[in-house]
Q: 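Sharing a structure below in structure tokens format, with a few things to ask.
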Amino acid sequence: MQTRTMSAPTQAAARIQPGQALAIADGVHWVGALDPDLRTFDIVLATANGTTYNSYVVRGERGVAVIDTVKAAFAPEFFRRLESVCRYDEIRAIVLNHLEPDHSGALPELMQRAPEAHVYLSSRAPMMFKALLKATDITPAAFTLVQTGSRLDLGGRTLAFYQTPFLHWPDTQCTYVPELGLLFSGDVFGCHFCDDRLFNDKVGDFRFSFEYYYAHIMRPFRQHVLAALDLLEPLALTLIAPAHGPVLRQNPRHYLARYRQLAAGRLDEQMVGEKTLLIFYLSAYGATRMMAEAIATGAEAETGVRVSLYDLEVGDVSPFIDLIETADGIVIGSPTLNGDAAKPVWELLASLHTIHVRGKLGAAFGSYGWSGEAVAMMEDRLKGLRLHVPFEGLRLKLVPTEEELAQCQELGRKLAHHLVTPPGELCAAAA
Amino acid sequence: MPKAKVTFADIGITLTVPAGTRLIEVSERVGAAITYGCREGECGTCLTQVLAGAEHLADPSVLEDQVLKNMFAPRGHRLACQAQVLDGEVVVKPA
Ligand code: FES
Ligand SMILES: [Fe+2]
Ligand SMILES: [Fe+2]
């Protein structure tokens, strides 16, 4: 009987109210801002129903900590919410998990309003911090650099710091409250999704936003995601409070597991002990295709390398991006058309910044009629993306001869051999 | 030509390089997680921890020293786009 009035799950979701903070845990409040009208974030990210800039207040026996702030335009909203749960002279610590302007916009003003507060930043952040304050008259003197293992005792509430560099900038870190199993995760596990019911079990379906955010913000830093997961997975977690989108209180571990799945790469398990070489081509009259097939034949002669051949003429390049993410080497072929490589090739090359490609093996090839610029252009792009391009690309005029096809086979063989040679030996050979 | 050994501890790969090689010249080739920004010793993105053999790296330039100071980098940290391996054995990992 008496439990009926209290039972939370059947209650209508509490909604964020103007000027009011929302409690998310014992002594912890959300004091962020809603930005429901935003449709494009950082110029390139579509945000179908806006986003939130999440800021939080943690109250300990010896003072209050503010975790992150909001985008500058939302500062008034943020300060009203903040004032609903604490006085400025109670604020002892301001923690910035990430200094990008969507989280640091209100920081200079907060530092002025709470002059007693000390700023805590990742040890990777001070140069950005100074850059952020250089247009203000605040002297960035009172700040402490923290790293994994650093802790701050607020009295009954501890802030433990975990560096998670490159998720999404070099300065990113997470802040954990062990007493509550609460992780303030910054951009990590966040998404652009605006819903004033705030909690993941109350808001609308935001799965696509979560996936989209991972794909655009985290995916290029796959290795760093895996390192961060190694760091965060051992923590006891009852609540994840990211810097954007819903607060994750129902099954928070699910989101770590999902990151692990996404970062692990789909093909990895099937490819144990094998190197993968992907050959992409476009062909106008069949010549570039003949070259592609000869390169594949050459590469297949090497054991331990699985070679795949794809015609880019099918259009949509996005499935290929998934394949490239877990491949060891890529070879791209295009004829030269009006002094340029063909459009689908550029679409493929333009999408590669969304995944981690640094250090993969790369090469280019193509047939041409009267000018053959495409190969060098593709090579430049591969090098610009920091692929390793040790072998000069192959350009052949019109229809390849037997001898020229043998050259293609030789290129394929060299590429495959390069893949199965331990890096130590390669560098020694080059020395 | 004099040689040196570099180990990238995060991926467990050791390789032999000619004296004078900068870490940036080999770290990406072997897939180590050291990440670069400006590649010119200005942004501090490539901050790297030297776990062993710091004495086998060429001394930092004035610019590198300044950037490390600005970043409050702890002892034993270098910029991978700048640090040159001279001899001996050096072990590094991303900071
Ligand atoms: S990459 Fe900018 S300092 Fe090394
Ligand atoms: Fe960010
Ligand atoms: Fe953000």
Side-chain angles (χ1 to χ4, degrees), chain A residues 121-131 140 143-150 163-172 220-228 230 328-329 356-362 383-390 418-419 421-431, chain B residues 1-39 41-49 63 66-77 79-81 85 87 89 93-95:
Chain A
L121 307 165
S122 152
S123 61
R124 303 296 306 272
M127 300 226 290
M128 281 171 205
F129 185 55
K130 287 182 181 170
F143 62 92
T144 297
L145 300 177
V146 294
Q147 46 197 310
T148 302
S150 308
Q163 280 192 358
T164 51
F166 299 99
L167 308 180
H168 138 240
W169 277 8
D171 67 311
T172 6
F221 301 102
R222 178 175 170 235
Q223 286 169 298
H224 294 282
V225 171
L226 292 169
D230 288 344
D328 300 291
H356 176 90
V357 289
R358 275 184 295 127
K360 290 188 198 292
L361 181 65
K383 287 179 188 164
L385 288 162
R386 310 297 168 194
L387 278 89
H388 180 42
V389 186
H418 192 280
L419 286 180
T421 310
E425 278 175 39
L426 286 173
C427 289
Chain B
M1 187 184 266
K3 301 272 169 66
K5 268 191 178 161
V6 183
T7 299
F8 294 95
D10 60 324
I11 48 170
I13 284 183
T14 300
L15 34 94
T16 305
V17 299
T21 303
R22 288 178 200 273
L23 293 175
I24 189 174
E25 294 168 47
V26 283
S27 81
E28 290 180 318
R29 265 171 74 170
V30 300
I34 299 170
T35 302
Y36 297 90
C38 67
R39 297 168 181 267
E42 284 170 10
C43 69
T45 306
C46 63
L47 189 72
T48 296
Q49 190 179 356
L63 177 68
Q66 194 53 48
V67 171
L68 291 169
K69 263 203 205 91
N70 288 344
M71 297 182 75
F72 297 87
R75 279 180 71 84
H77 281 66
L79 299 178
C81 70
V85 190
D87 51 23
E89 295 185 19
K93 76 172 187 57

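So you know, we letter chains A, B, ... as the sequences are listed, proteins then strands, and number each from 1.
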Q: Indicate, with yes or no, if the rings of F129(A) and F72(B) have centres closer together than 6.0 Å.
A: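 Not under 6.0 Å, so no.
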Q: Measure distances from A32(B) to the heavy atoms of chain A and classify the residue's part below 4.5 Å as side chain, backbone, both or neither.
A: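 Looking at A32(B), just its backbone touches chain A.
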Q: Quick one: closest heavy-atom pair of A95(B) and P165(A), and the distance?
A: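 Closest approach of A95(B) to P165(A): O-CG, 4.3 Å.
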Q: Taking atom CZ of R386(A) and atom OG1 of T35(B), what is their separation to the nearest 0.5 Å?
A: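 It comes to 12.5 Å.
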Q: Roughly how far, to the nearest 0.5 Å, is the CZ atom of R358(A) from the CD atom of E28(B)?
A: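 With rounding to 0.5 Å, CD (E28(B)) is 5.5 Å from CZ (R358(A)).
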Q: Can you name the closest pair of heavy atoms from P170(A) and T45(B) and give their distance?
A: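 Heavy atoms only, the tightest pair is CG-CG2, 4.1 Å.
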Q: Roughly how far apart are L387(A) CG and R29(B) CZ, rounded to 0.5 Å?
A: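 Answer for the CG-CZ pair, L387(A) versus R29(B), is 13.0 Å.
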Q: Can you measure from NZ (K130(A)) to CE (M71(B)) and round to the nearest 0.5 angstrom?
A: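 Output value for this atom pair is 11.0 Å.
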